Amino acid sequence: MDYVKQDVHAASTMGLQEAKARTIRKFLACFGLPLVPFNTEVVDALGAALKWRRYRTADVYLYLARATAEREGAEISTATRRAMTDVIRSCRRGLGPAKQYEGLVLEILPTLPAAQKAWAQGGPW
């Protein structure tokens, strides 16, 4: 059985998955809630924490929380699934596009220095 379970996630993602799981449990602990039973109260609390911290990947954390709870034996109700959809929508609202989607002004490229150092302090080379 362990042989199958060890390959559910790629080894390269295990550290990240565990870090996200710790974050989920810490956020829920702030509300005094366990992950199981996974219900609308848990979804709302986790969503509130993720939205407050402006997590762009709130949906990833919520789906991981749900999957973890299901693996621990939780039954997910229709109301809880609806709450997840609503909370994910709420967490996305107002964030705007990610910074990497900002436009690149190509006209200024010729004016930039052709140096082997960063153009801005702490910036990429």
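Keep in mind that this is a model prediction, so the values were computed, not measured.
- Of the possible polar contacts, none joining the Lys20 side chain to the Leu64 backbone as a donor-acceptor pair under 3.5 Å is found.
- Heavy atoms of other residues, nucleotides or ligands lying less than 6.0 angstrom from CD of Glu41 number 12 at most.
- Within the 4.5 Å cutoff, the side chain of Arg25 has heavy atoms near those of the Thr68 side chain.
- Here the closest non-hydrogen pair linking Val87 and Gly47 is CG1-CA, 3.4 Å.
- Of all heavy-atom pairs spanning Thr40 and Ala83, the tightest one is CG2-CB, 3.9 Å.
- We find the CZ-OG distance between Arg92 and Ser90 to be 11.5 Å, quoted to the nearest 0.5 Å.
- Annotation: side chain of Arg66 is not in contact with side chain of Thr80 (no heavy-atom distance under 4.5 Å).
- Interatomic distance, Met84 CE to Cys91 SG, rounded to the nearest 0.5 Å: 10.0 Å.
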Test side-chain contact (heavy atoms from CB on, under 4.5 Å) on Val60 and Tyr55 and set out the steps.
CA-CA 10 Å; Val60 173; Tyr55 274 63; over 6 Å; no

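- In this structure, OG1 in Thr23 is found 10.0 Å from CG in Leu46, a value given to the nearest 0.5 Å.
- In this structure the side chain of Leu35 reaches within 4.5 angstrom of the side chain of Phe38, judged on heavy atoms.
- Within a 6.0 Å radius of CZ in Arg56, more than 12 heavy atoms belonging to other residues, nucleotides or ligands are found.
- Looking at every heavy atom in both residues, Phe31 comes nearest to Ala49 through CE1-CB, 4.2 Å.
- Counted within 6.0 Å of CD on Glu72, heavy atoms from surrounding residues, nucleotides or ligands total more than 12; the atom is thus considered enclosed.
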